[in-house]
Every structure is written in C-alpha cells, then in structure tokens.
A.B. asks: 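Pasting a structure here, questions to come.
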Amino acid sequence: MTNAADPLTLVLVGPMAAGKTSVGRRVARRLGVQFIDTDKRIVAANGPIPEIFAEQGEAHFRYLELAAVSEALAEGGVISLGGGAVTEEATRTLLKAHHVAFLTVNEEAVADRIRGNSRPLLAGEDPVERWKRIFEERRGWYAEVASATFDTSRRPMQKIADEIVAWRREQQ
Ligand code: S3P
C-alpha cells in the first residue's frame, strides 16, 4: 500500500454530496494506493453519524474527525473528508502540507443526490436550501486548503477521476 512519504497522497474536500467518496475510490484505484474515507472510519469506531450528532453534539464529531484526518494523513493514499472537516482550523492546518482537490457540485445536481439522505445537517425542511447556505459558509475554507477545483455536477465520475489523476501526477 502506501505511507505518508508516498508521493501520490491526495485529499478530496468539498460540500456534502459532491462525490468525494465515489470519485476518491476511483482515483485511488487508478493510482494504485489505498482509499480512506474519514467518515467511514468514524462510523466504524463510534457508530452512525446522526447518532453522534444527536447524542454528543457536532463539536464532538469535529473532534473525532480531526483525529481521523490526522491518522489518515499519516497513512497516506487517497483520502476523502466529510464536507465539514474544513471548518476546524486545526484540520485546515494539517491539510496545508498535502495536495488537496476541491470537488464542487451545483444545486441542480445536488437535489437528486441528497434526496432521502440521513445527513444530520440537512435534516428538516428544504435540504437543498440548507445545503446551499452551508456550502456558501464554507466555500472560502475549501478554496484556502485546495490547489485545484473539479466540478462533479454533470460528467461521469470516472472522467472526473481521470482528470484528478492527471492533475495529481503533474504535481509530483
Ligand atoms: C458533514 C458532511 C458529511 C458528514 C457529516 C457532516 C458536513 O460528510 O461528515 O454528516 O458537516 O458537511 P459528506 O460530505 O460525505 O456528506
């Protein structure tokens, strides 16, 4: 597999439902490195995200997320972060030493992707409006940590993954 010194380590950030997991898995396969989804790791160790938010609060989730991001970066590979990871200054600081790609998606495409979703921050009425507001609040942080942006709204995920692989290889 790979480790922190691996020149192909790459981090994906972006709003909820930007395709970070599906694109990330494909990019990792193409680069021949491991794929880490920090949300999945948090769930494996602590249980479902809606329960963590409901029982321990968002601040606790962010604390678990910072630890998961730190561990993942130490291991290396392609790493997908939850949409809110960039809200923590300590997490943004960790990302500064790494190649980070920002995945964007427009509101038309996101409406289909978040239908019936269980994300606690989109619970309640009008999830698309919530999604838009949260994305706007965070847009500056994504731009701060990332050095390239890829829009996932329309194209097949494999094509986006291929573009990210090409970009990452240019960075070496
Ligand atoms: C969150 C995004 C989610 C997950 C949690 C909080 C956020 O991940 O980490 O529900 O604050 O944007 P995805 O971006 O994979 O949906």
Side-chain angles (χ1 to χ4, degrees), residues 1-2 4 9-29 33-95 98 100-146 152-153 157 160-161:
M1 280 285 160
T2 184
T9 286
L10 159 61
V11 184
L12 299 178
V13 300
M16 291 176 266
K20 299 179 295 284
T21 300
S22 45
V23 171
R25 195 173 283 123
R26 288 172 168 85
V27 171
R29 206 177 296 136
V33 298
Q34 74 169 334
F35 174 64
I36 302 174
D37 179 323
T38 55
D39 276 345
K40 288 223 166 60
R41 288 211 167 164
I42 295 167
V43 170
N46 303 277
I49 291 173
E51 283 176 24
I52 301 172
F53 270 69
E55 288 162 19
Q56 288 152 301
E58 180 173 350
H60 183 68
F61 176 78
R62 298 297 168 209
Y63 163 79
L64 297 174
E65 187 170 48
L66 171 60
V69 172
S70 174
E71 276 178 37
L73 290 172
E75 284 178 43
V78 174
I79 303 161
S80 282
L81 307 192
V86 296
T87 62
E88 286 298 311
E89 190 180 358
T91 303
R92 296 199 301 279
T93 300
L94 286 178
L95 293 177
H98 297 274
V100 180
F102 171 21
L103 301 194
T104 59
V105 57
N106 63 32
E107 93 181 71
E108 289 74 34
V110 101
D112 274 348
R113 296 188 198 172
I114 63 178
R115 193 163 294 132
N117 88 102
S118 63
R119 293 174 175 95
L121 295 181
L122 301 181
E125 276 179 29
D126 215 342
V128 176
E129 274 309 308
R130 284 173 193 267
W131 177 89
K132 267 169 60 182
R133 182 178 46 74
I134 293 169
F135 187 14
E136 286 314 319
E137 280 167 12
R138 296 172 176 172
R139 193 183 282 276
W141 286 321
Y142 295 130
E144 177 189 318
V145 298
T152 71
S153 305
M157 292 297 181
I160 298 157

A.B. asks: Quick one: pull up CZ in Arg139 and CZ in Phe102 and give me the separation to the nearest 0.5 Å.
C.D. replies: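 With rounding to 0.5 Å, CZ (Arg139) is 5.5 Å from CZ (Phe102).
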A.B. asks: Search all heavy atoms of Gly82 against all heavy atoms of Asp39 and return the closest pair with its distance.
C.D. replies: CA-OD2, 3.8 Å
A.B. asks: Assess whether a salt bridge exists between Glu89 and Arg92, defined as any Lys/Arg side-chain N lying under 4.0 Å from an Asp/Glu carboxylate O.
C.D. replies: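 Result for this pair is no, no salt bridge flagged.
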A.B. asks: With no hydrogens and no angle check, is any side-chain donor or acceptor of Thr9 less than 3.5 Å from a backbone partner on Val78?
C.D. replies: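 Checking the backbone N and O of Val78 against the side chain of Thr9, no donor-acceptor pair under 3.5 Å is found.
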A.B. asks: Could you tell me whether a side-chain N or O of Ser153 sits under 3.5 Å from a main-chain N or O of Asn106, the two making a donor and an acceptor?
C.D. replies: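 Checking the backbone N and O of Asn106 against the side chain of Ser153, a donor-acceptor pair under 3.5 Å is found.
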A.B. asks: Could you check whether Arg62 pairs with Glu58 (Lys NZ or Arg NE/NH1/NH2 to Asp/Glu carboxylate O, under 4.0 Å)?
C.D. replies: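 Salt bridge: yes.
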A.B. asks: Within this structure, what is the CD1-CZ distance for the pair Ile36 and Arg41, rounded to the nearest 0.5 Å?
C.D. replies: 4.0 Å
A.B. asks: Verify side chain to side chain contact (heavy atoms under 4.5 Å, CB included) between Phe135 and Val105, making sure each step is shown before the conclusion.
C.D. replies: CA-CA 10 Å; Phe135 187 14; Val105 57; 5.6 Å; no
A.B. asks: Any side-chain heavy atom of Leu94 sitting closer than 4.5 Å to one from Leu66?
C.D. replies: yes
A.B. asks: I want to check something: taking the side chain as every heavy atom from C-beta on, are Leu81 and Val86 in contact at a cut-off of under 4.5 Å?
C.D. replies: no
A.B. asks: CZ of Arg25 to CG of Leu12: how many Å apart, nearest 0.5 Å?
C.D. replies: 12.0 Å
A.B. asks: Does the Arg26 side chain pair with the main chain of Ala161, one donor and one acceptor, at a distance under 3.5 Å?
C.D. replies: no
A.B. asks: Rounded to the nearest 0.5 Å, how far apart are CG of Leu95 and CG of Leu73?
C.D. replies: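 Here the interatomic distance stands at 6.0 Å.
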A.B. asks: To the nearest 0.5 angstrom, please state how far the CD1 atom of Ile42 sits from the CD atom of Glu65.
C.D. replies: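 Reported value, rounded in 0.5 Å steps: 5.0 Å.
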A.B. asks: Between Arg119 and Ile49, is any pair of side-chain heavy atoms under 4.5 Å apart?
C.D. replies: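 Side chain of Arg119 against side chain of Ile49, heavy atoms only: no contact under 4.5 Å found.
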A.B. asks: For atom CD of Glu108, is the number of surrounding heavy atoms from other residues, nucleotides or ligands below 6.0 Å larger than 12?
C.D. replies: yes
A.B. asks: Is any side-chain heavy atom of Trp131 closer than 4.5 Å to a side-chain heavy atom of Glu107?
C.D. replies: yes
A.B. asks: Output the distance between atom NZ (Lys20) and atom CD1 (Ile79), rounded to the nearest 0.5 Å.
C.D. replies: 14.0 Å
A.B. asks: When you measure from the side chain of Arg130 to the backbone N and O of Ala123, does any donor-acceptor pair fall under 3.5 Å?
C.D. replies: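 At least one qualifying donor-acceptor pair exists.
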A.B. asks: Any chance you could lay out the salt bridge (charged side-chain N to carboxylate O under 4.0 Å, His left out) test for Glu129 and Lys132, step after step, and finish with the verdict?
C.D. replies: CA-CA 5 Å; Glu129 274 309 308; Lys132 267 169 60 182; 3.2 Å; yes
